[in-house]
S.K.: 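One structure, as structure tokens, below. Some questions next.
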Number of protein chains: 2
Amino acid sequence: MSIEAESGTRARTRRAILDAAVTVLSERRTASMSEIADAANVARSTLHRYFADRAELIEALVDNAIARGSAAVQEAALDKGPATDAIRRLALAYFDLGPLMTFLWQELSLDQEDHPFWQKMEAQGDPMTEVVERGLADGSFDPAFEAEWIRHMFWAVVFSTWELVSDGRMARQPAISAMLRTIEKALATEAAGA
Amino acid sequence: MSIEAESGTRARTRRAILDAAVTVLSERRTASMSEIADAANVARSTLHRYFADRAELIEALVDNAIARGSAAVQEAALDKGPATDAIRRLALAYFDLGPLMTFLWQELSLDQEDHPFWQKMEAQGDPMTEVVERGLADGSFDPAFEAEWIRHMFWAVVFSTWELVSDGRMARQPAISAMLRTIEKALATEAAGA
DNA sequence: GAAAAATAAGACAGAGCTGTCCTATTACGG
DNA sequence: CCGTAATAGGACAGCTCTGTCTTATTTTTC
């Protein structure tokens, strides 16, 4: 009944395109439509039939990223247990998003200002901000850090860990361990003052 | 006598172009030659007379970045004093490079593999690697981290701090303090094991 | 102030990407 | 098995960027 009553074929092709696009664009955000079509094993004309514009494709990718990102956050159940553990789960969940994270990161650092991503995120609440503020409030996170700083650094560490692993400069497991350890140590409230 | 016996005028124009290019390209690495020329207050034809190719311009920028980066590293005197202090000085020195850092970061994450930058860096030794290994050897840095990890994380934190400051999401001083504190805490050898 | 150096301004062809369109095949579903 | 849906493969014009050139104009420099 919905407008989205696509035939199985269409849905499958659409997925293939979106997946290929994330992969290709995460490596080079200026990749041409041809390259994306090739990566999806689809003719360029087909790609354009699914997404008339490049802009339209990007928007769909952002929506997709938001959907998967939200799912990851849901799964991390950030409101359960100590903030320290929650943010640990979040790091793992984000890390698993892989190239999708790279795509978003690059996409967002383009028009820094009010990217549609943030508007759409705000519209559905931001559990990340909540857990950071919870940790600061209950003393599990170092009060010397602003929430903004923690959010930004968290992304930077998780993203760049992914980068390190994805181009083979470090093995997955050691990198993940180091990532968690880094976040944990950096955020920890110091027993003996600095 | 040298081939580089440029008139003062040429040297000045060249500098203006290089500076403008760093600024523009650090914000968008696909900026056109026209945009760069405009930013340098120079006709596009003039730009092309100084740098025939885009490739030639980029190469000059990389050389420039290496020169300034090396100077910064020199100034940080990484071989003096405790490794912890040395890496702290290095962070400040790199931070001061500003947009030049952004340019390099973006440039390097393009053709990840064997970018000319690394070749040229190797040719002149890498004090960063030395100080990291020194810190690991003498127990000032957490032995749970590989040198590769420390190097990568260090860059990620410094760079993303610059990013945070440069687009006005955080004030300079608090950001720098947080950056140093983060690096210090992350690298510190833990008194009581994890 | 005159010769030389450097620049601005713009014309130009070649290349690549984009978005649209059309036609011949191929795959799907009833 | 037949009709429909979906695709592949190209042709096409419009656009932007690039690199090269040429010709005036301005700025140094002596």
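Chain letters run A, B, ... following the sequence lines, proteins first and then strands; every chain starts at 1. Predicted, not measured: the structure shown is a model, and the values here were computed from it.
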S.K.: Can you tell me how far the CD atom of A/E107 sits from the CG atom of A/L100, to the nearest 0.5 Å?
M.R.: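 With rounding to 0.5 Å, CD (A/E107) is 11.5 Å from CG (A/L100).
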
S.K.: Does C/dA6 have OP1 or OP2 sitting under 4.0 Å from an N or O in the side chain of B/T13?
M.R.: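 Negative; the distance criterion is not met.
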
S.K.: Using a 3.5 Å cut-off and no angle test, enumerate the donor-acceptor pairs between side-chain atoms of residues 151-159 of chain B and protein atoms at least two apart in sequence or in another chain.
M.R.:
residue, atom, partner, partner atom, Å
B/R151, NH1, B/T129, OG1, 3.4
B/R151, NH2, B/E148, OE1, 2.6
B/H152, NE2, A/S160, O, 3.0

S.K.: Atom CZ of B/F51 to atom P of D/dT20: distance rounded to whole Å?
M.R.: 15 Å

S.K.: Looking only at side-chain atoms of A/S45, point me to the closest of D/dT28, C/dT20, D/dA8.
M.R.: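 Ranking D/dT28, C/dT20, D/dA8 by closest atom to the A/S45 side chain puts D/dA8 first.
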
S.K.: Salt bridge (Lys or Arg N to Asp or Glu O under 4.0 Å): which pairs involve residues 61-73 of chain A, sequence neighbours left out?
M.R.: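 Salt bridge (Lys or Arg N to Asp or Glu O under 4.0 Å) check on residues 61-73 of chain A returns A/D19-A/R68, A/D63-A/K120.
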
S.K.: Quick one: CH2 on B/W162 to CE on B/M179, what's the gap to the nearest 0.5 Å?
M.R.: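 Result: 11.5 Å between the selected atoms.
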
S.K.: CG of A/L57 versus C1' of C/dG19: gap in Å, rounded?
M.R.: 14 Å

S.K.: Pairs of donor and acceptor atoms involving the side chains of residues 170-177 of chain B, under 3.5 Å and at least two apart or interchain, shall be tabulated with distances.
M.R.:
residue, atom, partner, partner atom, Å
B/R172, NH2, B/D96, OD1, 3.2
B/S177, OG, B/Q173, O, 3.2

S.K.: Report for the helix from C/dG1-D/dC30 to C/dG30-D/dC1: angle between first-end and last-end helix axes, five pairs each, rounded to 10 degrees.
M.R.: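 Comparing the axis at each end, I get an angle of 40°.
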
S.K.: Extract all donor-acceptor atom pairs below 3.5 Å that involve side chains of residues 74-86 of chain B and protein atoms in other chains or at least two apart in sequence.
M.R.:
none

S.K.: A/R12 has an atom CZ; how far is it from atom P of C/dA27, in whole Å?
M.R.: 13 Å

S.K.: So how far is it from A/T9 OG1 to A/R14 CZ, rounded to the nearest 0.5 Å?
M.R.: 14.5 Å

S.K.: Rounded off to whole Å, could you give me the CG-to-P distance for the B/N41 and D/dT26 pair?
M.R.: 18 Å

S.K.: State whether A/Y50 and A/R10 meet the cation-pi test: NZ (Lys) or CZ (Arg) under 6.0 Å from the six-membered ring centroid, and within 45° of the perpendicular axis.
M.R.: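 Relative to the ring axis of A/Y50, which defines the angle, A/R10 lies inside both limits.
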
S.K.: So which protein nitrogen or oxygen atoms get under 3.5 Å of nucleotides 16-18 of chain D's nitrogens or oxygens?
M.R.:
residue, atom, partner, partner atom, Å
D/dT18, OP2, B/M33, N, 3.0

S.K.: Treating B/T182 as the side-chain partner and A/A186 as the backbone partner, does any N or O pair qualify as donor plus acceptor under 3.5 Å?
M.R.: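 Side chain of B/T182 to backbone of A/A186: no pair is present.
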
S.K.: Could you check how far CZ of A/R10 sits from C1' of D/dT7, rounded to whole Å?
M.R.: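 Atom-to-atom, A/R10 to D/dT7, this comes out as 11 Å.
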
S.K.: Whole angstrom is fine here: how far is it from CG in A/D38 over to P in C/dC17?
M.R.: 11 Å

S.K.: Between D/dT20, D/dA6, C/dT7, which nucleotide has the shortest distance from any of its atoms to the side chain of B/Y50?
M.R.: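 Side chain of B/Y50 sits closest to C/dT7.
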
